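In what follows, a single structure is set out as structure tokens and then discussed.
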Amino acid sequence: MFSFFLLTALLIAAPPLRAGTQTDSTFHIDKTINIKGDYYYPPFEFINENGQPDGFNVELFKRLAEELGIQYKLELGPWHQVREELENGEIDALLGLMVSEERSKKVKFSIPHSVMTHGIFTREDQNIKNLEQLRNKEIIVQKKDLMHDFLINTGLTDKIIAVENQHRALNLLSSGKHEAALIGNFQGAHLINKHNIKNIIIQNSKIEPKKYAMAVSKDNDELLWLLNMGLYQLKASGEYDEIYEKWFGVYEKKSFFKRFRLPIIVTISGLAFLIIMVIFLRHRIKKA
């Protein structure tokens with residue numbers, strides 16, 4: 001449920017926008033905007049079994065564009081490629097990009113709609129518990145992902161294995177190659193579960209959680225304003241929460257049970273024991 005409240009808090013904290021709708025907005029986009037995303041970053045954005053763009057980011061943007069009357073062309077491709085296209089001003093926007101000070105020099109971010117955490121993914125037979133133990137080790141990351149930037153900027157290792165997507169990172173690690181992978185906790189757990197990868201465990205990296213937002217090219221202030229306006233409207237109408245629940249509700253419910261499984265089992269067992277004792281005592285009293 002955390003992300004349900006996240007966008008509300010971020011919207012409240014953001015600078016106020018002038019009131020407006022599709023017909024009376026200060027800005028209006030006449031052209032068809034070119035927006036792209038990662039072709040394999042489930043469940044946020046990916047190509048589905050029908051060959052169509054799908055995921056939380058895709059559905060959120062489509063609904064937002066419909067609300068604001070934005071005409072668009074949406075495509076998904078290799079992450080390193082689409083990120084470079086935005087930074088070079090070759091496209092108008094990305095569906096999702098983790099916010100960082102370095103990236104803010106090249107693109108502009110919308111109001112964040114999610115928060116991402118990153119973990120250390122290792123094989124079960126490895127004794128790696130923290131980032132310092134990865135110093136000078138071979139670490140797998142997604143090419144041009146925030147963790148790729150992290151390794152370059154921190155100098156933790158120069159043995160960086162940059163691959164096209166996070167599924168490839170986990171497959172390499174699972175096969176016995178390299179020491180660890182630094183990828184998103186949610187994405188990694190989703191892929192491990194979906195592809196039944198058995199020998200990978202997740203360790204807490206203690207890397208600061210990162211805000212996740214749509215991003216536009218540097219000179220696209222009108223589009224940025226409209227995207228923020230759309231996020232306000234979708235949150236106010238409750239549609240943001242509906243889209244979020246569709247894509248993440250099941251995972252959060254599973255996570256809740258997994259996290260509190262022991263207390264739940266103990267509580268249920270205790271209640272069952274009390275019920276049995278009450279029935280037993282009533283039977284003894286009645287017999288007496």
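In this chain, numbering begins with 1 at the start of the sequence shown. Here the structure is a predicted model, which means the values were calculated and not measured.
For the pair R103/F109, a side-chain contact is recorded, criterion being any heavy-atom separation below 4.5 Å from C-beta on. Here the side chains of L68 and Q233 are in contact, with some heavy-atom distance below 4.5 Å. Counting heavy atoms from C-beta on, the side chains of Q166 and D145 come closer than 4.5 Å. Using a 4.5 Å heavy-atom threshold, the side chains of N204 and I120 count as separate. Side-chain atoms of L76 and L95, non-hydrogen and from C-beta on, do get closer than 4.5 Å to each other. The shortest side-chain heavy-atom distance between I140 and R168 does not fall under the 4.5 Å cut-off. Looking at L170 and I183, their side chains come closer than 4.5 Å, going by heavy atoms from C-beta outward. H178 is not listed as a side-chain neighbour of K159, based on a closest heavy-atom distance of 4.5 Å or more.
A donor-acceptor distance shorter than 3.5 angstrom exists from the side chain of Q133 to the backbone of N130, with no hydrogens or angles considered. T154 places a side-chain N or O within 3.5 Å of a backbone atom of F150 that can act as its donor or acceptor partner. Side-chain atoms of E45 never come within 3.5 Å of backbone atoms of G55 as a donor-acceptor pair (strictly under, hydrogens ignored). Side-chain atoms of S110 never come within 3.5 Å of backbone atoms of A213 as a donor-acceptor pair (strictly under, hydrogens ignored). Remark: the backbone N or O of Q52 is not paired with any side-chain donor or acceptor of N50 at under 3.5 angstrom. Looking at T117, its side chain never comes within 3.5 Å of a backbone N or O of N185 through a donor-acceptor pair.
There is no path of hydrophobic side-chain contacts, each under 4.5 Å, that joins I33 to L97. The same ILVMFWY cluster, assembled from side-chain heavy atoms under 4.5 Å apart, contains both I47 and I35. Residue M98 is grouped with residue F44 when hydrophobic side chains (ILVMFWY) are merged at heavy-atom distances under 4.5 angstrom, including chains of intermediate members. I197 and L182 fall within the same hydrophobic cluster, defined by Ile, Leu, Val, Met, Phe, Trp and Tyr side-chain heavy atoms under 4.5 Å apart, directly or through other members. Both V216 and I111 sit in one connected hydrophobic cluster of ILVMFWY residues. Membership requires side-chain heavy atoms under 4.5 Å apart, directly or through other members.
Between E85 and N34, the side chains place no donor N or O within less than 3.5 Å of an acceptor N or O (distance only, hydrogens not considered). Counted by atom type alone, Y39 and N165 present one or more donor-acceptor pairs between their side chains at under 3.5 Å. A donor-acceptor pair shorter than 3.5 Å can be found between the side chains of K198 and N196.
Nearest approach of L94 to W79, heavy atoms of both residues: CD1-CH2, 3.8 Å. Of all non-hydrogen atoms in K218 and K105, the two that sit nearest each other are CE-O, 3.0 Å. Residues G119 and I202 share a closest heavy-atom pair of CA-CG2, 4.5 Å. Of all non-hydrogen atoms in F121 and G184, the two that sit nearest each other are CZ-O, 3.7 Å. Nearest heavy atoms, V115 versus P209: CG1-CB, 3.6 Å. Heavy atoms only, all atoms of each residue included: N57 and G96 are closest at ND2-CA, 4.0 Å.
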**Prompt:** side chain to side chain contact (heavy atoms under 4.5 Å, CB included) between V99 and K210: does it pass, once the steps are laid out?
**Reply:** CA-CA 6 Å; V99 179; K210 301 296 181 181; over 6 Å; no
**Request:** Could you give me the CA-CA distance, side-chain angles and deciding distance for N171 and H195, then say whether side chain to side chain contact (heavy atoms under 4.5 Å, CB included) is met?
**Result:** CA-CA 10 Å; N171 279 340; H195 299 284; 5.8 Å; no
**Asked** Do E138 and K177 pass the side chain to side chain contact (heavy atoms under 4.5 Å, CB included) test, and can you show the C-alpha distance, the side-chain angles, and the key distance before you say yes or no?
**Response** CA-CA 9 Å; E138 294 181 355; K177 296 179 180 178; over 6 Å; no
**Request:** Go through the steps to decide whether K235 and H113 satisfy the test side chain to side chain contact (heavy atoms under 4.5 Å, CB included), and finish with yes or no.
**Result:** CA-CA 10 Å; K235 186 60 185 178; H113 57 71; over 6 Å; no
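A salt bridge links E59 with K246: the distance from a Lys NZ or Arg NE/NH1/NH2 to an Asp or Glu carboxylate oxygen falls below 4.0 Å. A salt bridge does not link K144 with D149: none of the charged nitrogens is closer than 4.0 Å to a carboxylate oxygen. Salt-bridge check for E66 with K62: failed, with every basic side-chain N at 4.0 Å or more from each acidic carboxylate O.
Rounding to the nearest 0.5 Å gives a distance of 11.0 Å between CG of L86 and CD of E84. Note that CG of L227 is 11.5 Å distant from CD of E222, once rounded to the nearest 0.5 Å. Taking CD of Q81 as the reference point, atom CD of E164 lies at 9.0 Å (rounded to 0.5 Å). Atoms CD and CZ, from E179 and R123 in turn, are 7.0 Å apart once rounded to the nearest 0.5 Å. M147 CE to Q142 CD: the interatomic distance, rounded to the nearest 0.5 Å, is 11.5 Å. The CD atom of Q203 lies 5.0 Å from the OG1 atom of T122; values are rounded to the nearest 0.5 Å.
Annotation for Q71: atom CD does not count as buried by contact number, only 12 or fewer foreign heavy atoms lying within 6.0 Å.
No option in Y41, F248, F61, Y212 other than F248 meets the ring pair (Phe, Tyr, Trp, His ring centres under 6.0 Å) test with F56.
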